[in-house]
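Working notes for the structure below.
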There are 2 protein chains.
Amino acid sequence: MSVEFDQIPFEPAYRKVADAIGERILTRVLREGERLPPETELARQFGVHRSTVREALRELQSRGLLERRTGSKRMSVSRPPHERIAAGVSQALLLHDVTVREVWQALTILEPPIAGSAALARSAQDLLALDAAAAAFSARRAGAEEAVRCTTEVFRCIARATHNTVLGLAQEPLLQLLEPSLRVIIDKVPQARSRIALAHEQLRTSIHSGDESQARRWMERHIADFRRGYELAGIDLGLVLTL
Amino acid sequence: MSVEFDQIPFEPAYRKVADAIGERILTRVLREGERLPPETELARQFGVHRSTVREALRELQSRGLLERRTGSKRMSVSRPPHERIAAGVSQALLLHDVTVREVWQALTILEPPIAGSAALARSAQDLLALDAAAAAFSARRAGAEEAVRCTTEVFRCIARATHNTVLGLAQEPLLQLLEPSLRVIIDKVPQARSRIALAHEQLRTSIHSGDESQARRWMERHIADFRRGYELAGIDLGLVLTL
DNA sequence: TTTGCCGGATTGTCCGACAATGATACGAGC
DNA sequence: GCTCGTATCATTGTCGGACAATCCGGCAAA
């Protein structure tokens with residue numbers, strides 16, 4: 001038989017405090033927007049020193065469970081904003097040596113069904129937002145920077161139109177990772193802008209008319225175009241993404 | 001014209017320190033496994049107090065950029081483990097009132113292409129792992145707890161077989177969110193286990209034989225079965241997930 | 001080679017303190 | 001009565017220093 005023992009678990013106080021507060025937030029005992037007691041008060045309640053409480057707060061803060069509303073002292077409970085947690089995912093993927101191909105493949109899988117679903121679930125307001133985003137891309141002949149932001153914004157609008165939070169959050173890290181290479185494509189490939197604008201136009205009309213399969217097909221082409229863009233811009237698909 | 005001004009940004013020292021260290025990790029100046037200097041030394045270098053450094057370290061730690069190897073004092077650089085960051089995503093989704101339907105829809109979109117891609121990209125080792133996971137599910141007639149873990153493990157094996165980190169990481173939060181309701185299904189629906197075992201069997205053979213479209217089709221049915229399971233178990237798809 | 005022991009290094013936690021700045025109450029002026 | 005400046009208080013950001021626990025590395029003993 002094995003003489004293996006489990007390691008004896010030791011949790012420092014700052015972790016226990018963080019867990020205790022975090023648990024209350026997750027179980028909604030502390031609700032969004034509610035203000036946390038001051039640090040000294042927390043220290044008193046937990047029976048630890050204020051420094052210890054502060055370390056716990058830093059952890060909860062970085063998890064997005066707490067935030068300080070601009071120019072306010074007291075901390076308040078918040079839901080983790082999508083960009084923040086997506087940024088965490090992106091960082092993780094970067095550190096795990098993810099390649100351009102992997103990101104592109106994920107987009108291939110995810111985006112067409114999202115577009116299709118958006119065509120079915122979109123509200124009038126979603127259409128307005130989508131139109132605005134697409135128009136913003138077509139209007140600006142400005143820097144690649146701006147163009148990239150507009151492109152990803154169109155993706156975001158489409159995902160929002162699905163009214164499925166999970167899909168939006170799954171997509172967000174991909175967009176963040178896409179941005180740098182997309183910038184290169186727009187810079188180096190002359191026809192990129194017009195191809196993207198065309199795709200936007202087709203996506204818009206498909207989603208407006210609620211045509212699921214058409215929306216899906218156009219998104220497939222749009223993503224396929226990205227691959228073409230990588231080739232034209234001389235970006236190796238096997239390239240490991242870097243910051 | 002607008003009289004809007006950007007708020008003047010004030011960053012506390014602990015954020016600056018965290019950013020400075022985090023930036024070195026992301027740019028690989030500090031490489032994985034490398035040990036960080038002691039807190040007192042960091043405090044000296046940054047010209048701040050040790051408490052300030054500690055607050056910064058807590059943030060990096062919770063982002064998974066730093067870890068303490070078991071029973072070691074010094075902190076070392078690490079890549080964020082998938083489970084940790086997936087847990088962050090799951091938490092965020094929970095707090096954003098995600099419903100069973102949303103998770104299920106995401107699975108519908110994501111899993112079939114993953115299975116298909118796995119059929120194409122799987123290595124011999126992947127097949128072994130998949131077989132083992134599937135066998136573990138079939139063998140154990142034990143508690144629902146264990147069965148759920150085996151089921152999700154099969155999903156993980158399939159995702160790993162794609163050799164695409166992005167897909168694995170995109171899938172992980174869904175599995176975490178799926179687990180509780182899956183437990184209920186296995187408990188309440190008598191035929192659930194055999195249906196799942198059947199699906200595993202079909203997925204295994206499809207992926208072994210490298211048949212992409214068949215793998216995809218079987219995964220589609222597998223996920224569709226979950227929906228049926230929800231209905232049979234009396235779980236409302238519109239239900240907001242809770243901890 | 002393993003075991004026992006020791007000193008130094010490092011972390012977890014505490015105490016106490018202080019300046020800067022939000023929050024709040026209050027009175028002055030329109 | 002309402003806005004505005006001001007005084008007061010509350011709270012955070014940061015600091016200095018301290019101490020026990022424990023991990024690390026080396027060295028001697030078995």
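Computed from a predicted structure; not experimentally measured. Each chain gets a letter, A, B and so on, in the order the sequences are listed, and its residues count up from 1.
For A/Ser117 (side chain) and A/Pro113 (main-chain N/O), no donor-acceptor pair under 3.5 Å exists by modelled atom type. Distance alone, capped at 3.5 Å, places no donor-acceptor pair between the B/Glu41 side chain and the B/Pro38 backbone.
In this structure, CZ in B/Arg79 is found 5.5 Å from CG in A/Asp97, a value given to the nearest 0.5 Å.
With contacts defined as side-chain heavy-atom distances shorter than 4.5 Å, the pair A/Asp126/A/His163 qualifies. For the pair B/Leu237/B/Thr99, no side-chain contact is recorded, criterion being any heavy-atom separation below 4.5 Å from C-beta on.
Using a 4.0 Å heavy-atom cutoff across all strands shown, A/Arg68 reaches sugar-phosphate atoms only and no base atom.
For the pair A/Gln61 CD and D/dT12 C1', the computed distance is 12 Å after rounding to whole Å. Atom-to-atom, CE of A/Met75 to P of D/dT12 comes out at 8 Å; the value is rounded to the nearest Å. Rounded to an integer number of Å, the gap from B/Arg69 CZ to D/dC23 P is 17 Å.
We find that A/Glu153 and A/Arg160 are joined by a salt bridge, their nearest charged nitrogen and carboxylate oxygen being less than 4.0 Å apart. The pair A/Glu39-A/Arg50 meets the salt-bridge criterion, since a charged nitrogen lies less than 4.0 angstrom from a carboxylate oxygen. Using a 4.0 Å cut-off between charged nitrogen and carboxylate oxygen, A/Asp19 and A/Arg15 count as a salt-bridge pair.
A perpendicular orientation is assigned to the rings of A/His200 and A/Phe137, their planes being inclined by more than 60° (bins at 30° and 60°). Aromatic ring pairs are classed by plane angle as parallel below 30°, tilted from 30° to 60° and perpendicular above 60°; the pair B/His82 and A/His96 is perpendicular.
For D/dT12, the OP1/OP2 oxygens have no side-chain nitrogen or oxygen of A/Arg54 closer than 4.0 Å. OP1 and OP2 of D/dT14 both lie 4.0 Å or more from every side-chain N or O belonging to B/Tyr14.
If you walk DNA chain C from 5' to 3' and mark each nucleotide with an atom closer than 4.0 Å to a heavy atom of chain B, the marks span C/dT10 to C/dT13.
When the options B/Arg58, B/Arg54, B/Glu55 are evaluated for a side chain to side chain contact (heavy atoms under 4.5 Å, CB included) with B/Tyr14, the one that passes is B/Glu55.
The residue among A/Ala13 and A/Lys73 whose nearest nucleotide of DNA chain C lies closer to the 5′ end is A/Ala13.
A heavy atom closer than 4.0 Å to some atom of DNA chain C occurs in A/Gly47, A/Val48, A/His49, A/Arg50, A/Thr52, these being the qualifying members of residues 39-52 of chain A.
Taking the screw axis at each terminus of the helix from C/dT1-D/dA30 to C/dC30-D/dG1 from five consecutive base pairs, the angle between the two is 20° to within rounding of 10 degrees.
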